[in-house]
Amino acid sequence: MQGFNVLFPFGFHATGEPILGVVERLKKGDHAQKQVLLREGISEQDIEKFKDPKYIVRFWQKRIENDANSLGLSVDWRRKFTTIDPVFNKFIEWQYNYLRKKGYVIQATHPVVWCPHCNSPTGDHDRLSGEGESPIEYIVIKFKMDDFVLPTATLRPETVFGVTNIWVRPDAEYVRAEVDGEVWVVSESAVEKLKDQLHSVKVKGKLKGSDLIGKYAKNPVTGNEVIVLPATFVDLNNATGIVMSVPAHAPYDWIALNDLKSSADASFKKYGIKIDIKPIKLIETPNFDGIPAEQACLQFSVNSQLDKEALEKATNEVYKKEFHLGVLNDLAGKYKGMQVSKCKKSLSSDFKSNGFASSIWELTGKVVCRCTTEAHVKILENQWFLKFSDPEWKNLARKCVDNMKFYPDDARKQFYEIIEWLEDKACARKSGLGTRLPWDNEWIVETLSDSVIYMAFYTISHFLNENNIEPHYLKDEVFDYVMLGMGNADKIASKGLNKDLLEKMRKEFDYWYGQDMRSSAKELIPNHFTFSIFHHVAVWPDEPKRWPKAYTINGMQQMNGQKMSKSKGNYITIKEAIEKYSSDAIRITLMDSTEGMDDPDWTEKSTLAWRDKLDHIFNLVKENYNKGIDKTTVMDEWLYSRLQNHISKLTQHLESIQNKSAVTVLHMILNDINWYLRRVDKPNKKITNYALEVLIKCLSPFTPFIAEEMWSQIGKKGFVSISEWPKADVSNEEIIKLEEFVKNLCDDLSQVIKLAGKKNKLYLYVASPKEFEHFSTAEEFLKKQFGFHSVSIHLSSQAVYDPEGKSKRAKFGKPGIYVE
RNA sequence: GCAGGAGUCGCCUAGCCUGGUCAAUGGCGCCAGCCUUAGGAGCUGGUUCCUUAGUGGAUUCGCAGGUUCAAAUCCUGCCUCCUGCACCA
């Protein structure tokens with residue numbers, strides 16, 4: 001309507017596991033899955049066809065297309081495609097070959113939460129329990145004994161300088177195993193973990209924890225010999241099942257030692273060892289003047305190692321304080337004087353490179369896979385990653401954000417933040433639908449990674465569709481040419497893709513790309529939205545005009561104050577909603593619900609109210625168009641002026657995606673037209689028609705169907721949706737002001753009448769000739785409105801009849817009022 | 001826990017960046033009146049409290065403080081809610 005060519009395409013993302021999941025569940029005869037399809041109106045017979053993933057894609061594609069059309073979206077369907085179309089796969093292959101050439105796709109080794117039964121990573125949503133738990137690295141300090149190593153696992157390697165002893169579970173069975181060429185003693189459960197974490201592990205034999213007690217092991221860092229002691233708190237399922245004891249800084253160790261000293265552990269007596277161990281303090285923290293672990297145990301009333309809850313709290317307290325505020329003391333050798341938070345990393349890697357330490361990955365909490373198997377951490381080798389950690393790449397992404405517009409702009413901060421913390425991201429999986437990595441066929445490009453520059457594909461997809469281009473003609477050089485302007489069309493042209501078509505595609509791409517606006521929900525900010533920025537700047541680093549220009553970000557649609565969810569049943573399909581309320585009513589209700597990133601709430605009540613209101617507008621147009629007379633009054637100019645202001649506001653709101661504010665302006669247009677019709681004796685035909693036409697045009701983006709109907713009813717040719725958008729003209733602010741006075745007068749009058757009762761005569765005393773002139777135009781209106789027999793207006797300075805001296809109250813904009 | 005956002009007069013929302021013109025925008029709902037002697041339609045007014053011939057005043061913008069002549073708007077702390085936290089779409 002503003003004269004721009006607009007490309008509004010629509011495609012279908014089918015990549016990933018969900019579709020295959022449906023197929024698999026149907027094949028297994030899953031009842032719930034069948035019910036979902038039945039509720040969608042699919043017949044029992046047709047459900048059979050859903051065992052073919054391609055059919056599922058086609059089915060929903062059709063359904064969604066129909067929905068989009070019913071909603072009145074003006075989509076260019078010639079360009080549609082799905083992400084499992086072979087031609088699209090060629091595009092993704094090009095994208096990834098290209099990114100790899102640039103060094104943005106790398107191979108790396110990475111810990112993941114792993115289900116040994118399913119033989120695959122266990123994502124958050126794939127878990128029976130343990131949502132949010134993630135891999136964490138324990139440093140394994142290798143304490144040496146005569147013929148084997150005691151690998152103690154710790155999250156606080158810096159405390160190795162204060163180790164006084166080692167803990168094992170006396171009642172437990174441990175195994176002796178050859179790990180990376182050394183003999184380790186570890187818990188049985190550690191064996192599988194180590195195997196999955198790139199260690200070579202060969203089990204040699206077993207031994208009881210009690211066999212180790214009383215023996216000495218050498219601290220590889222300090223060279224001190226420390227004794228092995230029994231403790232019940234040691235968790236065999238955690239890490240190696242062997243723990244180093246730092247009683248000064250670990251409440252668990254401190255209390256366990258205490259338990260032993262007080263001989264609370266009766267079973268210990270049989271070893272006949274004398275405990276003469278003093279905590280060794282190696283971290284100085286302002287909060288703790290004595291032994292930190294002891295202080296924390298007192299503070300949280302820890303009485304024995306059985307007080308798990310209190311111990312957790314105490315441990316947390318010490319860990320946090322010491323991590324942030326603690327400084328290592330003289331005992332820490334070269335790390336003396338360093339803050340714990342600062343030296344932790346370098347200290348760990350030093351220990352590893354010196355051969356003092358290794359590591360084992362654990363989960364931050366128990367995770368159970370949907371298949372009911374307990375998961376552990378596996379280090380996956382040679383996975384393909386997008387190198388989002390690359391500082392140059394991050395810089396380009398920041399530059400893109402600098403130049404973008406965000407609606408609302410609050411989101412911008414978040415984008416910078418995400419770019420900051422984003423690390424390398426796995427971009428391929430071994431299962432699901434999608435595009436195979438061209439250089440490594442086992443891997444399929446993961447779903448968030450094939451949906452980031454696909455918008456560029458829209459610029460040429462209709463050519464591919466219309467000409468039935470076979471995928472094998474879409475070599476990388478073709479996309480290099482079309483998307484990047486590289487190479488020579490003569491040379492690239494082939495039997496299946498001639499030069500003419502190549503040039504057309506390049507031209508079309510060049511004309512349309514980059515995208516002016518992308519719109520989606522706020523939960524996509526940390527992934528899709530940001531990834532899309534990264535990919536654009538990577539593919540077109542020297543062409544900022546191809547980068548995303550604006551993002552519109554909305555909240556999550558709520559329904560009647562609640563999140564829509566299938567399980568709760570509080571959802572409605574687009575099809576159902578349109579049938580029940582009409583497309584227009586739904587559209588304008590959604591536009592009216594909220595703007596910005598808050599969650600908009602859709603209610604049936606407001607939809608019905610809007611439906612009635614649209615009916616009313618329809619009648620208003622029908623009853624008033626072409627009905628006025630030719631005589632003009634000052635009110636014509638008033639209405640014209642008001643409309644100019646509304647047009648300019650409405651346009652501004654729409655341009656900055658403030659839809660709710662825009663709807664508010666619609667209300668105002670409507671109110672003003674109503675006021676005008678009431679205020680004037682006979683409406684002027686020209687201005688009334690103009691106002692109604694403006695109303696229809698302004699309504700058109702919100703409610704296209706009824707707008708087109710009204711447009712045709714008033715005898716216009718063609719579509720209102722492609723008619724010219726009204727342009728705001730100059731407005732007469734003085735008249736607007738003066739008429740505002742009349743409205744205020746009406747308010748005052750109704751007050752006065754309420755208090756004084758109904759009267760027959762009205763006297764007004766106005767302060768200026770301008771007002772006198774304008775109020776005079778309202779005489780008939782005031783009579784009609786309030787039932788006065790006579791209305792007389794005087795300049796306050798020339799009041800001829802003024803029994804209560806009301807003329808003195810006259811102010812500019814506020815006449816003195818006397819009724820009798 | 002970390003990061004970002006939000007809490008406004010029955011409900012939903014505007015305003016907050018750039019303090020005063022804010023008892024605070026618009027809609028919905030509700031109440032009264034009008035019209036129509038069919039209306040769930042439409043129109044007009046009201047919708048924190050007190051007071052009043054159109055006025056004046058009191059108390060309000062999550063809670064508690066602070067800055068200022070002046071705060072919904074700025075600052076501090078707290079509470080509550082939303083979103084995301086990665087191999088998942």
Side-chain angles (χ1 to χ4, degrees), chain A residues 13 15-19 21 110-113 120-126 132 134 316 320 364 380 383-386 388 408-418 420-430 432 446-449 451 521-528 530-531 553 555-556 558 561 563 589 592-603 605-610 612-613 615-616 619-620 623 658 660-661 663-668 671 674-675 677-678 744-757 759 785-787 804 806 809 814-819:
Chain A
H13 192 246
T15 310
E17 314 269 0
I19 290 170
H110 205 69
V112 295
V113 182
S120 74
T122 311
D124 242 1
H125 57 288
D126 289 329
S134 57
N316 233 318
K320 245 194 202 162
T364 50
L380 279 186
Q383 271 212 114
W384 293 101
F385 282 81
L386 285 161
F388 286 148
D409 195 59
D410 303 332
R412 182 187 304 276
K413 245 204 280 186
Q414 213 176 331
F415 276 94
Y416 285 123
E417 198 60 42
I418 303 294
E420 224 42 60
W421 74 249
L422 211 57
E423 289 169 23
D424 295 348
K425 163 91 172 70
C427 63
R429 288 181 59 95
K430 295 218 167 167
E446 169 276 339
T447 133
L448 276 168
S449 307
S451 57
K522 63 180 166 187
E523 62 263 41
L524 295 188
I525 293 175
N527 43 65
H528 171 80
T530 307
F531 295 172
I553 297 150
M556 285 286 277
Q558 314 260 110
K563 227 180 250 182
T589 307
D592 194 21
S593 54
T594 192
E595 51 197 35
M597 288 192 288
D598 293 340
D599 294 341
D601 188 23
W602 179 88
T603 62
K605 230 166 44 182
S606 49
T607 314
L608 291 173
W610 260 115
D612 288 344
K613 190 144 199 151
D615 276 347
H616 162 237
N619 289 331
L620 178 84
E623 282 159 21
Q658 292 173 303
K660 190 187 168 75
S661 304
V663 171
T664 303
V665 177
L666 287 179
H667 287 298
M668 290 177 166
N671 288 347
N674 278 326
W675 175 263
L677 292 173
R678 194 152 50 92
N744 291 340
L745 173 67
C746 289
D747 287 350
D748 289 349
L749 273 174
S750 52
Q751 272 285 324
V752 171
I753 289 168
K754 205 157 116 191
L755 294 165
K759 305 282 167 146
Q785 194 70 18
F786 295 97
E804 288 191 10
K806 294 290 187 186
R809 296 190 71 147
K814 210 166 176 62
I817 300 168
Y818 178 66
V819 294

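Predicted model only: the values in this text are computed from it and were never measured. Letters go in sequence order (proteins before strands), and every chain restarts at 1.
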Report the base-pairing partner of [N] (Watson-Crick or G-U wobble, both distances below 3.5 angstrom), or none.
N	answer
B:A3	B:U83
B:C34	B:G42
B:C16	none
B:U76	B:A64
B:U21	none
B:U59	none

Integer angstrom distance from the [atom1] of [N] to that of [M]:
N	M	atom1	value
B:C11	B:G77	P	30 Å
B:G15	B:A6	P	11 Å
B:G65	B:A24	C1'	24 Å
B:U68	B:C75	P	16 Å
B:U18	B:A32	P	47 Å
B:G1	B:A58	C1'	46 Å
B:U80	B:C69	C1'	35 Å
B:U73	B:G7	C1'	15 Å

Quick check for you: among [options], whose closest atom lies nearest to any side-chain atom of [X]?
X	options	answer
A:Gln785	B:G54, B:U44, B:A86	B:U44
A:Thr447	B:G84, B:A89, B:C87	B:A89
A:Leu448	B:C87, B:U83, B:A89	B:A89
A:His13	B:G84, B:A89, B:G54	B:A89
A:Lys806	B:A89, B:C87, B:A53	B:A53
A:Val752	B:A53, B:A89, B:G4	B:A53

By ring pair (Phe, Tyr, Trp, His ring centres under 6.0 Å), A:Phe786 pairs with (sequence neighbours left out) none
Taking ring pair (Phe, Tyr, Trp, His ring centres under 6.0 Å) as the test, write out the residues that go with A:His616, two or more places apart.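 Residues passing ring pair (Phe, Tyr, Trp, His ring centres under 6.0 Å) with A:His616: none at all.
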[X] near the nucleic acid: base, sugar-phosphate alone, or nothing, with a heavy-atom cut-off under 4.0 Å?
X	result
A:Gln383	base
A:Lys413	sugar-phosphate
A:Val113	nothing
A:Pro408	nothing
A:Gly555	nothing

What is the distance from atom CD of A:Glu423 to atom CZ of A:Phe388, rounded to the nearest 0.5 Å?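 If I round to the nearest 0.5 Å, the distance is 12.0 Å.
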Give, for atom CD of A:Gln414 and atom CD of A:Glu420, the distance between the pair rounded to the nearest 0.5 Å.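 These two atoms lie 14.0 Å from each other.
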On RNA chain B, compare the nucleotides closest to A:Gln414 and A:Gln751; which residue's is nearer the 5' end?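 By nearest-heavy-atom nucleotide position, the 5'-most residue is A:Gln414.
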Return whichever of A:Lys759 or A:Asp424 has its heavy-atom-nearest nucleotide of RNA chain B closer to the 5' end.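 Per heavy-atom nearest nucleotide, the more 5' residue is A:Lys759.
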Separation of atom [atom1] in [X] from atom [atom2] in [N], rounded to whole Å:
X	N	atom1	atom2	result
A:Ile525	B:C85	CD1	C1'	13 Å
A:Asp747	B:A53	CG	P	18 Å
A:Leu524	B:U83	CG	P	13 Å
A:Arg678	B:U44	CZ	C1'	6 Å
A:Leu386	B:A86	CG	P	17 Å
A:Asp410	B:U83	CG	P	17 Å
A:Asp748	B:U52	CG	P	18 Å
A:Asn674	B:U44	CG	C1'	11 Å

Check whether any side-chain heavy atom of [X] sits under 4.5 Å from a side-chain heavy atom of [Y], and report yes or no.
X	Y	value
A:Lys613	A:His667	yes
A:Ser449	A:Leu386	yes
A:Lys522	A:Asp599	yes
A:Trp384	A:Cys427	yes
A:His528	A:Ser451	yes
A:Asp748	A:Lys814	yes

Contact state string [nucleotides 13-41 of chain B, B base, S sugar-phosphate only, - no protein heavy atom under 4.0 Å]: SS-----------BSS-------------
Is there a side-chain polar atom (N or O) of A:Lys430 under 4.0 Å from OP1 or OP2 of B:C87?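 No, no such contact exists.
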